[in-house]
Colleague: 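This is the structure I want to talk about, given as structure tokens.
Note on naming: letters A, B, ... go to the chains in the order of the sequence lines (proteins, then strands), and numbering restarts at 1 for each one. Treat the numbers as computed from the prediction; the structure is a model and nothing was measured.
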Number of protein chains: 2
Amino acid sequence: MGDSDAARRRPGLPASAAVTMTTVGRMAGVSQVTVSRALSDPSKVSPETLARIHEAIRATGYVPNALAGALASRRSNLIAALVPSFTNIVYSSLLHGFSEIMRENGYQIMLSETGHDPEREQALVEALLSRRPDGVLLTGVHHAPGTRRMLIGSGIPVVEIWDISETPIDCCVGFSHAATGQAAAEFAVKAGYRRAATVTAGDARAIRRRDSFVQTFHRMTGAEVPAVDFQPGTATLEQGRAALVDLLDRQGFMAGVVFCSSDQFAHGLLTEAAARGLRVPDQIAVIGFGDQDFAAHTHPALTTIRVDRAVLGEAAAGALLSRFAEHTPGPSVVDVGFQLIQRGSA
Amino acid sequence: MGDSDAARRRPGLPASAAVTMTTVGRMAGVSQVTVSRALSDPSKVSPETLARIHEAIRATGYVPNALAGALASRRSNLIAALVPSFTNIVYSSLLHGFSEIMRENGYQIMLSETGHDPEREQALVEALLSRRPDGVLLTGVHHAPGTRRMLIGSGIPVVEIWDISETPIDCCVGFSHAATGQAAAEFAVKAGYRRAATVTAGDARAIRRRDSFVQTFHRMTGAEVPAVDFQPGTATLEQGRAALVDLLDRQGFMAGVVFCSSDQFAHGLLTEAAARGLRVPDQIAVIGFGDQDFAAHTHPALTTIRVDRAVLGEAAAGALLSRFAEHTPGPSVVDVGFQLIQRGSA
DNA sequence: CTCCGTCATGTATGCGCATACATCAGTTCA
DNA sequence: TGAACTGATGTATGCGCATACATGACGGAG
């Protein structure tokens, strides 16, 4: 490590080593404010001065202090983003598109995991607000009361994603989970299935999909729909296998379609079916959710529900950016929709 | 949105609406510095004063401004973290443990993706340094020259993960990729395989694993080792299937073991083998890398190389924290090792 | 009683930058 | 030829907080 400038990092000592705009300006023979202008709007500085300033920046190794800039300008160019989990590909693929666009516009992302816990989400929001983010991204539309209050009180633009609501904190970009469940049930009935089951990770949105599926399927066929439920969190192939074991061996389920809250579950069902030599979809049919990268390439390929996560992430970024622009706040609720992709598994 | 305090967010206007420590202090009948003390070290303030201050905070809805605090104290409590990809579970699971520990110690993570591109990594480091992070997490030990220079010059603690090096920028926590390739080859030879192939995503570390595997296998058996290579990036099941198609149908490979740079690839090979009715491991054997959550539950279960990513992430956090403490910088190179897990696929 | 240490609090200052406003030379046009 | 304007730069100020240092009240030791 460079100890030469340790003083810069040692609180309380004079920051003699710190290179600031004043240092650069002195070397270039101009004042601090001219350096500031050279960096933020070069057209306001004469070409010769600009050249001297850049030379001084190079010579000193000057690095702007965005903290000071943010304090003075009241714009931090930081975005706080909260997702249930980093390791769930559904959220991380969304963040990919989101953060890319925000970064291109000069924003940095502060990312945290809520673990599907509203109280933890609230604690994180409280901590993050002290960093004065210019915008906040939240996953889902149901939050602790304090979360909502703090965010509204802060006056900071907020975008809620992965769900839609009539009463967003500020705006939301997502799709109707109930509609996906209904679409899956209608598809299953139309395809001739008269028995169905569900495998669900217990987060609020997955439960909404399941309930809508069950209700629709029951209404259309009169059938009861057995269920296997897991705790909220990342769904695994292992759980999917266990779920099929449970359905077949304990609940006596057979010759029907299983609606899963995640492609991982669905993949697990396919794997267990293969291990047992069951024919898919004849002896067991599977519908996944997410259209993850493997879904088209399982054996047989997975019938699933696709949500364009890249588009969703980008739309969320766009919603925030339009709010920063202040003129055209854009719509408050964006429904990006979904597609049921029929492949071989159902 | 709350427009009531829009002034706070509008640069150039007087920030009349902003609630600061001075506001709180005025209401509680004390000075700003007493409020500061009440929040940072309550024992320095009398209990009655403390109570009045907390009441004032509650009444005003005061939210500390960490930007101002960071500027004054020269400690931002921010960590810049760079990973190749959010969507690659290998990195995101690592971040999970890392960010959890950092958060518990009061640090926020600023996360960015490099996309396996050193130039992009350098641009991100440059942008991130302006936020004055207290620490930096980098993935891998090979960086653009400018990246190294900037980081050393900054004097900020840096931890490089997922690899080890004799000459870290500051410190590194990882394992030897060459050793994993060698271990896989030795295992394969010992298990009786005399033919081998590789399927690799072309990032620097995966290539190192592959090269070491090929070299060791060739040295021990004299066999040539055909290869399928992909671009760096997230490995997919689809690519794994395609790789087996290529090996079998184009390269005439058969009855041997395939060393994959990722469990996703390996899963793809298993899937393609199942679709073709090939017996695993007799007709085709597969070794993965990563021991991802599905690895133990594929059919057959995957023989793979496990790296404890949670431990790695936590060790990286520990390395940074010990550097912040200044007294005991801790070791510069931590090798967390790996395990070859034998299951059914090889 | 006086001296000194301790506790609770206050005053002064500056972190590094962006913004508003001022200055001053060199135009341009009536 | 002088008023108005433009371009390039400077001065003054404060964002909200943490830190160093100062103050005053109090209490026990000498």
Colleague: Rounded to the nearest Å, what distance is computed from the CG atom of residue B/Asn77 to the C1' atom of nucleotide D/dA18?
Modeller: 13 Å
Colleague: Distance check needed: C/dA18 C1' versus A/Asp41 CG, whole Å only.
Modeller: 13 Å
Colleague: Output the rounded distance in Å from CD (B/Gln32) to C1' (D/dA18).
Modeller: 8 Å
Colleague: Does a salt bridge link A/Arg52 with A/Glu55, judged by any charged N lying under 4.0 Å from a carboxylate O?
Modeller: no
Colleague: What is the nucleic acid contact for A/Ser46, judged by heavy atoms within less than 4.0 Å: base, sugar-phosphate only, or nothing?
Modeller: sugar-phosphate
Colleague: Quick check for you: among C/dT9, C/dC17, D/dC17, whose closest atom lies nearest to any side-chain atom of B/Arg37?
Modeller: C/dT9
Colleague: Out of C/dC17, D/dG16, D/dA18, which nucleotide sits closest to the side chain of B/Ala68?
Modeller: D/dG16
Colleague: I want to check something: taking the side chain as every heavy atom from C-beta on, are B/Val83 and B/Leu94 in contact at a cut-off of under 4.5 Å?
Modeller: no
Colleague: Just the rounded figure in Å: distance from P of D/dC17 to CZ of A/Arg131.
Modeller: 14 Å
Colleague: Considering only side-chain heavy atoms of A/Leu71, which listed nucleotide, D/dC15, C/dT11, D/dC17, is closest?
Modeller: D/dC15
Colleague: Out of the candidates A/Glu160, A/Arg149, A/Arg148, only one should pair with A/His143 under the side-chain hydrogen bond (donor to acceptor under 3.5 Å, both in side chains) rule; please name it.
Modeller: A/Glu160
Colleague: Which whole-number value in Å describes the distance from B/Ile53 CD1 to C/dA8 P?
Modeller: 13 Å
Colleague: Hey, which sits more toward the 5' end of DNA chain C by its nearest nucleotide, B/Ser43 or A/Ser36?
Modeller: B/Ser43
Colleague: From the set D/dG16, C/dC15, D/dA18, return the single nucleotide nearest to any side-chain atom of B/Arg74.
Modeller: C/dC15
Colleague: Quick check: do A/Ser112 and B/Gln108 have side-chain heavy atoms less than 4.5 Å from each other?
Modeller: yes
Colleague: Looking at the side chain of B/Ser31, which of C/dG10, D/dC17, C/dG16 is the nearest nucleotide?
Modeller: C/dG10
Colleague: Whole-Å distance between D/dC17 P and B/Ile57 CD1?
Modeller: 10 Å
Colleague: How close do A/Arg131 and B/Asn77 get, heavy atom to heavy atom, and via which atoms?
Modeller: NH2-O, 3.0 Å
Colleague: Students often get this wrong, so: under 4.0 angstrom with heavy atoms, is B/Thr49 touching a base, only sugar-phosphate, or nothing?
Modeller: sugar-phosphate
Colleague: Using a cut-off of less than 4.0 Å, is there contact between a side-chain N or O of A/Ser73 and OP1 or OP2 of C/dT19?
Modeller: no
Colleague: Using the side-chain heavy atoms of A/Ala72, tell me which of these nucleotides is nearest: D/dG14, D/dG16, C/dT19.
Modeller: D/dG14
Colleague: I need the CG-P distance between B/Leu39 and D/dG16, as an integer number of Å.
Modeller: 16 Å
Colleague: Starting from C1' on D/dT9, measure out to CG on A/Leu50 and report it in whole angstrom.
Modeller: 14 Å
